[in-house]
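Take a look at the structure set out below.
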Amino acid sequence: MRGRASILHVDLDAMFAAVEQRDKPSLRGKPVIVGGVAGRGVVSTASYQARVFGAHSAMPMAQARRLCPPNTAYLSPRFVAYQRTSAVVMELLAGVSPLVEQVSIDEAFVDLAATDHDLSVAGVTALAHRLKAEIAIATGGVTGSIGAASSKLLAKIGSDLHKPDGLTVVAPGDELAVLHPLPVRRLGGVGPATEQRLHRSRIRTVGDLAAAPLEDLVDWFGTAHGHGLFRLARADDPRPVVSERETKSVSAEETFDVDVTDPARLLHELDLLATRVAARLRRSGLTGRTVNIKVRHPDFTTVTRAVTRDQPTDDGQLIAGLARRLLAEITTFGGIRLLGVGVSTLYDFAQDDLFSAAGEDPPTLDFPDQPLPAAPAFPSSPSSSSSSSLASPSASSSAPSSPLVGSSSAPSSPFAASSPVAVEEMRVWRPGQDVCHDEHGPGWVHGSGIGRVTIRFEGPTTPIGRVRTFFVNDPHLQPADPPDWTIPAPAAP
DNA sequence: TCTGGGGTCCTAGGACCC
DNA sequence: TCTGGGGTCCTAGGACCC
């Protein structure tokens, strides 16, 4: 918690519905519900006029239709329009501070301490008023609620306190007075299950929670959640505003209008989902090692299955193949309500090219931002490469001849090539001794990390000193006999 | 007409290695 | 030869958020 109210939380009011009312004047002042209008849809956003009748986000659409009057408009989402409006607002926020954390399409934290602002309560209040006015003008009438406080927790609670079109500045020192009367449900991380468990122990307000012993909370909710609740109830929230977060998984799923029993149809849907996931991976420059599927049965029970490969991929057919294998483990008798495909344990291979472009060596023993696959200690057993024959540098070369400029914009990473699905043994490469080729020519083993090997390409046909990192089993990497140039000495580890 | 879709984080147990 | 602990990875499920 900071000494000043330097964190802003900006939350657009019923954004999807507000954009629809902005774009269709006939809807203004009327109940509007945006969401899945057919089949098994749920409400994404209800306008404030619809909330009067009890409609709210995540409610089954059928239930909302029962509650709301006949003049209610039910609309499918128009994400492109919402995205455009969101971008306009985020642009405004970027003008307020360089440190903005976009939480979702309609919500963001702004760190006012990251630049020069008057952080007095009066100063922050004036700034927030100005910002609200700018948002309404720039979006054509979509309003935002703002909370300002000394922590993310209080800023978010503040933006919620006087919705819609509200502004709450929690003065430093007032945090507990604001927090303790609120129901526990208002704390981020307290959902239906946690709320129920707390209610069973007669804990209803955040003040009640603050009086609960830490041991009880840990006992009920586990170490992480227990300690988290204990701290939040005391307004103890040091979480920083962070501008960018790493993507951890990419997935696609579909709930069928009618439960699907036909196995051929299920396989077809699985392929479509895998293709969508692969396309999104490629668009983001990501590859992943773990393929997950998710199956929801008609009784709403949900099962997941996962398999992790040695090498990451963004290949739709490969993902689909693994997904099919996983689906075969699950009984689909009685039909399936939902099918999903996801990829996790992601890698961003753009890093690899950054090293090469800068003419620098990649880190040889750690790869700080990324989880690493398991691998045997290195160096260890005799090289598995010595018996292999020389791979011709030209034989497999269909990739761009200059990876320095070519590969970061390539539609698919060179690591995406399909490979046997069976569990592979980790190849062992010895720095300074083993020589290999990729599709661009000969190189020598420069260093190795866990599951990775860095190759320095140096020879008659390759640029001097180009260094790239590969997974030890990358199919592009072929053991080779030494070419007729001298192998450089190994690099220091 | 009961319950979307895209995510994140945590836990627990088993496998495996040192 | 037997036993054990710590660490990491993986899988499955659950809670939660917007």
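Letters go in sequence order (proteins before strands), and every chain restarts at 1.
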Does [N] have its OP1 or OP2 closer than 4.0 Å to a side-chain nitrogen or oxygen of [X]?
| X | N | result |
| --- | --- | --- |
| R337(A) | dT1(B) | no |
| R66(A) | dT1(B) | no |
| R305(A) | dT11(C) | no |
| T308(A) | dT11(C) | yes |
| T255(A) | dT3(B) | no |
| S251(A) | dG7(B) | yes |
| T304(A) | dG13(C) | yes |
| R245(A) | dC9(B) | no |

Take the protein atom [atom1] of [X] and the nucleotide atom [atom2] of [N], then report the distance between them rounded to whole Å.
| X | N | atom1 | atom2 | answer |
| --- | --- | --- | --- | --- |
| K294(A) | dT3(B) | NZ | P | 15 Å |
| Q63(A) | dT3(B) | CD | C1' | 9 Å |
| N292(A) | dG14(C) | CG | P | 16 Å |
| K163(A) | dC18(C) | NZ | P | 11 Å |

Quick check: on DNA chain B, is the nucleotide nearest V250(A) upstream (toward 5') of the one nearest M61(A), or the reverse? Name the residue that is more 5'.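 The answer here is M61(A).
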How is [X] classified with respect to the nucleic acid when contacts are heavy atoms under 4.0 Å: base, sugar-phosphate, or nothing?
| X | answer |
| --- | --- |
| S57(A) | nothing |
| I105(A) | nothing |
| L187(A) | sugar-phosphate |

Give me the atom names and distance for the closest heavy-atom approach of V206(A) to V184(A).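 Closest heavy-atom pair between V206(A) and V184(A): N-CG1, 4.0 Å.
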Watson-Crick or G-U pairs under 3.5 Å in DNA chain B, rendered as dot-bracket with [ ] for crossing pairs and | for another strand: ....||||||||||||||
What interatomic distance, in whole Å, is found between P of dC2(B) and the corresponding atom of dC18(C)?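 Between the two P atoms, the distance is 28 Å.
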For nucleotides dA15(C) and dT3(B), find the distance between their C1' atoms and express it as a whole number of Å.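 About 16 Å, rounded to a whole number of Å.
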Proximity to DNA chain B (any heavy atom under 4.0 Å), residues of residues 35-48 of chain A only: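 Hits under 4.0 Å, by residue number: G39(A), R40(A), V42(A).
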Does the distance from a Lys or Arg side-chain N to an Asp or Glu carboxylate O, for R234(A) and E175(A), drop under 4.0 Å?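 Looking at R234(A) and E175(A), the cut-off is not met.
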Could you work out which one of [options] sits closest to the side chain of [X]?
| X | options | result |
| --- | --- | --- |
| A224(A) | dC10(B), dC18(C), dG4(B) | dC10(B) |
| E107(A) | dA12(C), dT1(B), dC18(C) | dC18(C) |
| A306(A) | dG7(B), dA12(C), dC16(C) | dA12(C) |
| R280(A) | dT8(B), dC16(C), dG6(B) | dG6(B) |
| L338(A) | dG7(B), dG13(C), dG5(B) | dG5(B) |

Is it true that, when you exclude H199(A) itself, more than 12 heavy atoms of the residues, nucleotides or ligands shown sit nearer than 6.0 Å to its NE2?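 It does: H199(A) NE2 has more than 12 such atoms within range.
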